[in-house]
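Presented below is the structure to which this report refers.
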Amino acid sequence: MSRYWSDIVRSLTPYVPGEQPRLPNLVKLNTNENPYGPSPKVLEALRGETGDSLRLYPDPNADRLKEAVAAYYGVTPRHVFVGNGSDEVLAHVFLGLLKHKRPLLFPDITYSFYPVYCGLYGVDCRTVPLTETFEIRPEDYLVPNGGIIFPNPNAPTGRVLPLAGIEKMLAANQDAVVVVDEAYVDFGGETAIPLVARYPNLLVVQTLSKSRSLAGLRVGFAVGHPDLIEALERVKNSFNSYPLDRLAIAGAVAAMEDRTHFETTRQAVIKSREALVRDLAALGFEVLPSAANFVFARHPKRDAGELAAALRQRSIIVRHFRQPRIEQFLRITVGTDAQCQELIRALRVILG
Ligand SMILES: *Cc1c(COP(=O)(O)O)cnc(C)c1O
């Protein structure tokens with residue numbers, strides 16, 4: 001604390017990202033990164049941008065990337081907004097579309113950045129409890145609100161809400177925006193983007209960090225009615241004209257265009273997840289059904305914090321949230337089969 005701080009800075013409770021330790025031979029299953037590298041075509045595109053052109057500013061509108069996303073999803077570039085990771089896209093969404101007199105609604109167990117943005121931008125919010133089985137029940141959101149946001153599949157539970165449930169919320173909530181954060185949708189969910197054509201109050205947010213293996217490049221996007229996109233452009237152009245650099249634009253375009261690499265790696269992750277779920281269940285874990293690249297599991301006889309600490313001693317890191325309702329769960333990223341097997345071997349020893 002310093003006397004030079006503004007009141008807003010004093011009041012903030014910043015987000016705490018999963019740690020990125022620089023230890024050799026670490027089995028890093030704590031931040032839902034993709035265990036496979038990005039497409040070789042992405043690397044080639046990045047190399048193509050490392051020259052004299054870096055002298056020049058990038059395209060402030062990243063039109064090539066908007067076109068690539070639009071082509072992938074069969075919408076127009078006017079339906080697409082792009083930003084420096086979906087976290088930045090989400091930040092603009094909170095300020096531009098979710099800050100109203102009525103409270104924003106989101107689940108009690110969800111992406112922990114949402115309450116942080118509410119604190120930063122002064123957005124009034126209410127949490128809506130997930131069911132006993134950690135599901136989002138659309139009926140619980142049919143109350144007056146200034147907006148709704150949730151990840152689908154949800155984080156850190158991995159549970160997915162079928163599109164029919166999302167449509168129920170959209171139809172009953174036409175005076176406010178419903179934001180679906182699809183960071184993990186490619187690992188087992190169904191995207192809500194086709195509903196954009198019928199619901200001007202739907203905004204879908206996605207990232208290239210997980211299913212396209214580009215967490216280090218920082219690219220995210222949103223798809224919605226052009227009126228919603230215009231709000232985000234107004235915020236963006238009042239904040240940073242060039243959120244995506246030349247490398248990010250070139251790499252992200254190549255990633256959206258290389259469907260083969262995307263399909264192969266995402267299917268590999270899904271297959272490894274299924275094996276991991278089976279192996280954890282065989283060790284006595286209760287595992288929530290996951291449609292993401294992580295699983296959320298608890299052991300009925302062992303404390304989750306102690307399990308996480310014991311794994312760490314063996315150079316395996318997973319995520320543990322000290323938070324009501326989920327303090328006995330571990331969130332484990334799906335790694336390669338070899339990494340998952342290393343985790344299972346360690347757990348077998350720890351559990352005795
Ligand atoms: C990972 C994640 C994001 C952020 O992704 P970036 O594009 O890397 O900023 C957003 N929402 C959820 C739910 C996530 O898990």
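Atoms within each ligand, like the ligands themselves, are counted from 1 in listed order.
- Taking 4.0 Å as the cut-off between side-chain N and carboxylate O, Arg64 and Asp59 do not count as a salt-bridged pair.
- Counting atoms of ligand 1 from 1 in the listed order, those under 4.0 Å from a heavy atom of Ser209 are 6 (P), 7 (O), 8 (O).
- Gly220 does not count as a contact of ligand 1, since none of its heavy atoms falls under 4.0 Å from the ligand.
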side-chain hydrogen bond (donor to acceptor under 3.5 Å, both in side chains) between Tyr184 and Gln206, intermediate numbers included: CA-CA 8 Å; Tyr184 301 103; Gln206 288 196 8; over 6 Å; no
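- Atom 15 (O) of ligand 1 has Tyr184 OH, 2.5 Å as its closest protein atom, hydrogens excluded (heavy atom only).
- For atom 1 (C) of ligand 1, the closest non-hydrogen atom on the protein side is Lys210 NZ, 1.2 Å.
- The hydrophobic clustering, which links ILVMFWY residues whose side-chain heavy atoms are closer than 4.5 Å, places Phe94 and Phe81 together.
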Can you list, pair by pair, the side-chain donor-acceptor contacts under 3.5 Å of residues 285-296, counting residues two or more places apart and other chains?
residue: Glu286; atom: OE1; partner: Arg298; partner atom: NE; Å: 2.9
residue: Ser290; atom: OG; partner: Ala292; partner atom: N; Å: 3.0
residue: Ser290; atom: OG; partner: Phe294; partner atom: O; Å: 2.6
residue: Asn293; atom: ND2; partner: Asn32; partner atom: O; Å: 3.0

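- Distance from atom 9 (O) of ligand 1 to its nearest protein heavy atom, with residue and atom name: Arg218 NH2, 2.8 Å.
- Under the side-chain hydrogen bond (donor to acceptor under 3.5 Å, both in side chains) criterion, the residue pairs touching residues 232-249 are Lys66-Glu233, with sequence neighbours excluded.
- For atom 13 (C) of ligand 1, the nearest protein heavy atom (residue, atom name, distance) is Asp181 OD2, 3.4 Å.
- Between Tyr111 and Tyr114, the distance from one ring center to the other falls under 6.0 angstrom.
- Residue contacts with ligand 1: Tyr114 is placed with no nitrogen or oxygen under 3.5 Å of a nitrogen or oxygen of the ligand (distance criterion only).
- At a 4.0 Å heavy-atom cut-off, ligand 1 touches Ser86 through backbone and side chain alike.
- Interface atoms of ligand 1 facing Gly85, defined by a heavy-atom separation under 4.0 Å, are 7 (O), 9 (O).
- By the criterion of side-chain heavy atoms lying less than 4.5 angstrom apart, applied directly or through intervening Ile, Leu, Val, Met, Phe, Trp or Tyr residues, Ile148 is not grouped with Leu228; the two fall into different hydrophobic clusters.
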